[in-house]
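So that the names make sense, note that chain A is the first sequence line, chain B the second, and so on, each numbered from 1.
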Amino acid sequence: MSTYLDELNPEQRAAVETIEGPVMIVAGAGSGKTRVLTYRIAYLMDQGIDPWHILALTFTNKAAKEMQNRIEKLVGAEAKNLWMGTFHSIFAKILRIEAHKIGYPQNFTIYDTEDSKSLIKGIIKEEGLNDEVYKPAHVYSRISLAKNNFISPREYEQNAELSETDRASGKPKIGYLYEQYTKRCRNAGAMDFDDLLIKTYELFLQHPDVVNKYQQKFRFVMVDEYQDTNHIQYLIIKKLAAAHQNICVVGDDAQSIYAFRGASIKNILNYEKDYPDLKVFKLEQNYRSTKTIVEAASDIIKKNKYQLEKNIWTDNGIGDKIKVFKALTDNEEGVLVANSIFEVKMKDHLNEKDFAILYRTNYQSRAFEEALRRLNIPYQIIGGVSFYQRKEVKDLLAYFRLAINTNDEEAFKRVINFPARGIGDTTVSKMIVLAKENEMSLWDVAKNIQHASGIDSRGRRTVSEWVVLIQRFQVQVGSMNAFDLATEIAKTSGINKHYFEDKTIEGINRYDNLQELLGAIKEFTERTDIEDKHLGVFMQEIALFTDADKQQIGDDKVTLMTIHGAKGLEFPVVYVAGLEENLFPSQMSLTSREDLEEERRLFYVALTRARKRVFLSFAQSRFRWGQVVYSEPSRFIEEINPKFLDYNQVQPAREREGAFVGKYVVPKPVVNKPIVKASYQAEAAFVAEDVSTLQEGMEVVHVRFGQGKVLMVEGKGEDKKAKILFDAIGEKQILIKYAKMRILN
DNA sequence: TCCGGTTCCGTTTTT
DNA sequence: CGGAACCGGA
C-alpha cells in the first residue's frame, strides 16, 4: 500500500487518515505540519476523491506552490487540479467567476493598500475635511477593521461603540467616509484586499445557489495557519464547510502573530465550540530543532496566559547554547553578525543559504546589508518595498490596469498626466468635480471632454488625445498577447522614453526595473501551463503577488527578513537581531497584555525557525529618525533560562576614533585637513559649486543628502550652505572627514 | 506646468 | 533620517 504513510508517527498518521468530519490539528513548530497536510491531501486523492473537490487555503502563495509541488511528487500531475492558494487568491478566482451576480465586472481591479489610501485621501479632500485630522492611514485602518468584522458602512454609522470612539478622537465622519469609499470602489470596478473576503461572504449570503455550488464543489476543506485567520475568513470557511462538515484546520496558537491584521487567536482557542464532534490531534514532537532550542522556546511561550495545552518535546541532541551578542551600535551589531556568519560557515561547513537574519522591523536590515557587503557575503532581503510597489512599475501597471478596466479611478489619476503631457491638476480636479456632479466615472468625463464645461481648449485637446491612446490599448487587450501589448504600451505611453532619458543613478535603476517587468511578462507569455496569454491574466496573477513569493530558495544567499516573513520557514542557523526593549518587544505593544503576548509568540516563532544554532543580538544604541536611541536589552533575553544561554562570549564593543562604524563617522576634533574629499570607487566624480564654502578648516556640522542628486552641506556660524552636485555611475561614496556626518551609499 | 529646493512628519508586522 | 508634500520661480 501507500508507503508514504509509514513515514509518519502514530499521531500524524491518525491526523492524515481521519478525513471525515471536523478535524483540528494542533501542530507545534517543527512537528511536520506541512508533511501531514500534504500527505493528507495525497491520501484523500488515494481514497478516490477528485482533486477538484479539495480546497486548501494557505497563508502565502509560496506555501501553496510548495505544497502543490510536494503533492505532485506523491500523486502525479493530477495535483494541478487541486484548489490551493491563499484566501485572497482563491476568493479572487471565485469572484471573477461570480462577479456579475454582485454587480461587479469580471475584470475588476484589485486595489492595493496604496491605491486605497490614495482614494481615501482624495475623498477627504473633496469633502473639504482636514487631512491633518482625518489621516488617510488612520481612516483606512478603521475601515479595514470594520470590514474584517463584516460591518457595513450603514452598520458602522449605527454602531454606538464605533461612533463613540470616532467622536472621542474628533473624527465623527469616518462612517461617512467609509460609505463614500465603498461607493467609489464600486464605481471604479475595484476591490481592495478586504473586499476580496467580504464580497465573497456577501455573495454566499445573497445567493444560496452559489453557496450550494461551492459547498458541493469543495467537499473537503483544509485551512493552514488557522491561528492567523480573522473573523471574516472564519465566517467564510464555516459557510463553505456547512454542508459536508469535512473541514480540517491546522495551526499552532503559539505562532499566532497577525492580530494587527484582525487575526484572532480565539478562532483556534474556541474552535471546539463550533464543532462539538471535533476530533483534535496534537503534534507535539519537534523534528526540527535541538533540545536547547525547543526547551528554551517552550519556556518562553509558557509565560503566556492564552494558549492551548500542549507539551512540545524532541528526540534531537542538545546542541549548542544560544549565544548572545552585545553591540554598542546598530552598525556594530551588523558587523558582529556578519563576522559570525563567516566564522560559523567555515567551522560547520555550511553554505550561505543556511543562514537567516531575522528582525522585528524592516528598517533594521540596513546595518546587516552593509556589513555583509563588506565581507562579500551574498544575501537576499525578503520584504520591504516589493518590486510591484515601485513607482515606475506601478506607473506602467497603471496603464495596463486602465486598458483592462477604464473605470479604475486610481490608475486613471496616476497616469493621465504621466509622463507629463500638459494635463494639470486644475484640469483633473475639474474632471473629478464633473464626475461627481453627474454621477459618472472619471473615464466617462474624459471621453466626453469636448462637451465638458469649464475646461479650456488646450485641456480638451490633450485629454481627448490621451483618451484615444487608452482606447487603442483597450482594444488591444483582447487581441494582442501580454508581452507585445506591454511593450507597445511602454513605448507609446512615453513611459519608456521618460525613464530612458533620465540618466541619474535613480533613473537608470528605474529604467532597469521597467525592463525587468517586461521580462517577467515575456516569461509569462512563454509559460506552457497557461492557455490565455492576455495581459488581463497576467495582471490577475500579480495582483496578489508579494515579495515573499519571489524568494529564490535555490540561491546560495543569506536570507534577511522580518520574523513575520519567516513564518513557515526553517534554517540551520538563525540570528535574531535587535533584541532591545522598545524594539522587540515593540514599544507599541507594551500597553496591553494581549499585545505583549503576541510579541512573545513572535519571539517564539523566531527561535523555532532554527535547526541547529540560534544567536541573539542587541545594540545599546541605534540610529533612528536621525537620532541616537539608547535601549536596554529585551526582557525576552531574561526570559530564557540562563542554562541555555552563552552570555560570556560577548564581544566587547569598540569604537575607534575617526574610524567608520558602519555608515557613520565618529567625530574627531582635528580640522586641519580637507573637509570634503574624494569619491569612492573608480567612476565616481563630483563637481562642487560654490567651492568657497567648502574650504579647508571649515567646520561642518551637518550634512544631508537631499532627494535626487543634491548633497546639502550646512555650515556652522554664518549658516553657510554649500551645494555639491555630483554625477556618477556605479557605486559611489563621498567621504567627508572630521565631521559628524553621514557617508552616503 | 515643471522643476529644484525646502519643510515637515512619521516611525511594526502584511495578504 | 528619508521621503512626501509643499512652495515659488521660470
Side-chain angles (χ1 to χ4, degrees), chain A residues 57-64 85-92 110-114 117-118 121 131-132 135-138 141 144 148 192-197 225 228-230 232-233 257-263 358-364 366 382-386 389 391 417 419-428 458-459 462 543-549 561-567 578 582-590 595 598-599 601-602 605-606 622-629 663-664 702-710 712 714 721 723 725 741-742 744-745:
Chain A
L57 296 165
T58 59
F59 199 74
T60 60
N61 296 308
K62 203 181 96 219
T86 62
F87 279 88
H88 291 84
S89 68
I90 293 284
F91 297 155
I110 296 174
Y111 276 176
D112 65 15
T113 314
E114 193 189 330
K117 281 186 190 157
S118 139
K121 189 168 182 188
D131 64 358
E132 295 286 300
K135 288 181 184 149
H138 177 254
S141 74
S144 181
N148 280 315
D192 67 13
F193 286 143
D194 299 322
D195 283 333
L196 294 175
L197 306 178
E225 309 282 8
D228 286 321
T229 52
N230 62 28
I232 186 81
Q233 291 169 328
I257 54 174
Y258 278 91
F260 70 92
R261 217 171 78 189
L358 307 181
Y359 35 75
R360 180 67 236 272
T361 63
N362 276 309
Y363 77 85
Q364 288 170 259
R366 198 219 69 220
I382 311 295
V385 182
S386 110
Q389 309 263 59
K391 184 193 172 296
N417 195 34
R421 50 173 71 81
I423 304 170
D425 288 346
T426 352
T427 309
V428 176
R458 193 176 105 114
T462 45
L544 297 165
F545 205 80
T546 66
D547 224 36
D549 304 320
M561 62 178 144
T562 64
I563 301 165
H564 283 90
K567 185 153 100 157
N582 296 337
L583 178 60
F584 189 22
S586 152
Q587 57 195 7
M588 325 192 67
S589 66
L590 293 178
D595 287 350
E598 176 145 319
E599 294 283 309
R601 290 193 293 268
L602 205 50
V605 170
R622 63 175 71 238
F623 270 93
R624 219 175 160 183
W625 321 317
Q627 277 182 9
V628 183
V629 180
K663 201 171 182 180
Y664 296 88
H702 187 60
V703 168
R704 289 204 56 179
F705 192 34
Q707 274 147 294
K709 50 191 186 246
V710 182
M712 289 167 288
E714 291 168 26
K721 289 187 180 178
K723 195 169 75 174
L725 296 170
M741 57 185 50
R742 235 189 98 219
L744 306 169
N745 285 326

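Straight-line distance from the CE atom of A:M561 to the P atom of B:dT15: 12 Å, rounded to whole Å. Atom CD of A:E225 and atom C1' of B:dT13 are 15 Å apart (whole Å). Taking atom NE2 of A:H564 as the reference point, atom P of B:dT15 lies 11 Å away to the nearest angstrom. In this structure, CG of A:N61 is placed 8 Å from P of B:dT15, rounded to the nearest angstrom. We find that CD of A:Q364 is positioned 16 Å from P of B:dT11, with the value rounded to whole Å. Between the CZ atom of A:R366 and the P atom of C:dG2 there is a distance of 8 Å, given to the nearest Å. As rounded to whole Å, 12 Å separates atom P of C:dA4 from atom CD of A:Q389. If you take NZ of A:K117 and P of C:dA5, they are 12 Å apart, rounded to a whole angstrom.
Two residues, A:T361 and A:S89, neighbour DNA chain B, and the one matched to the more 5' nucleotide by heavy-atom proximity is A:T361. With the nearest nucleotide of DNA chain B identified for both A:L602 and A:T427, A:T427 has the one nearer the 5' end.
Taking each heavy atom of A:A259 and A:E598 in turn, the nearest pair found is CB-OE1, 2.9 Å. For the pair A:L544 and A:N61, the tightest heavy-atom approach, listed with the atom from each and the gap, is O-ND2, 3.0 Å. When all heavy atoms of A:D228 and A:Y258 are compared, the pair lying nearest together is OD1-N, 3.3 Å.
As rounded to the nearest Å, B:dT11 and C:dC6 have P atoms that lie 16 Å from one another. Taking the P atom of each, B:dT13 and C:dA4 are spaced 16 Å apart, rounded to whole Å.
The residue A:I423 sits close only to the backbone: its heavy atoms come under 4.0 Å of sugar-phosphate atoms, none of a base. Backbone-only engagement by A:K121 is indicated by non-hydrogen atom pairs under 4.0 Å involving sugar-phosphate atoms exclusively. Across all strands shown, A:F87 has no heavy atoms under 4.0 Å from either base or sugar-phosphate atoms. In this structure, A:D112 reaches neither bases nor backbone, as no heavy-atom distance under 4.0 Å exists between it and the strands shown.
A close approach under 4.0 Å does occur between a side-chain nitrogen or oxygen of A:N362 and OP1 or OP2 of B:dT14. Residue A:K135 places at least one side-chain N or O under 4.0 Å from the OP1 or OP2 atom of B:dG10. Close to B:dC2, at under 4.0 Å from its OP1 or OP2, lies a side-chain N or O of A:N417. In this model, the phosphate group of B:dT14 is approached by a side-chain N or O of A:T562 to a distance below 4.0 Å at OP1 or OP2.
In this structure, A:L602 and A:H564 have side chains that are in contact, with non-hydrogen atoms separated by less than 4.5 Å. Within the 4.5 Å cutoff, no side-chain heavy atoms of A:L583 are placed close to those of A:Y359. The shortest distance between side-chain heavy atoms of A:H88 and A:L196 falls below 4.5 Å.
In this structure, the salt bridge (charged side-chain N to carboxylate O under 4.0 Å, His left out) partners of A:E225, at least two apart in sequence or on a different chain, are A:K33, A:K567.
Here the side chain of A:Y258 is nearest to one of B:dT14, B:dT15, B:dT11, namely B:dT14.
Where pairing requires Watson-Crick or G-U contacts shorter than 3.5 Å, the helical stems of DNA chain B with at least three consecutive pairs are B:1-10 with C:1-10.
Under 4.0 Å is where a charged nitrogen must lie from a carboxylate oxygen, and between A:E114 and A:K117 no such pair does.
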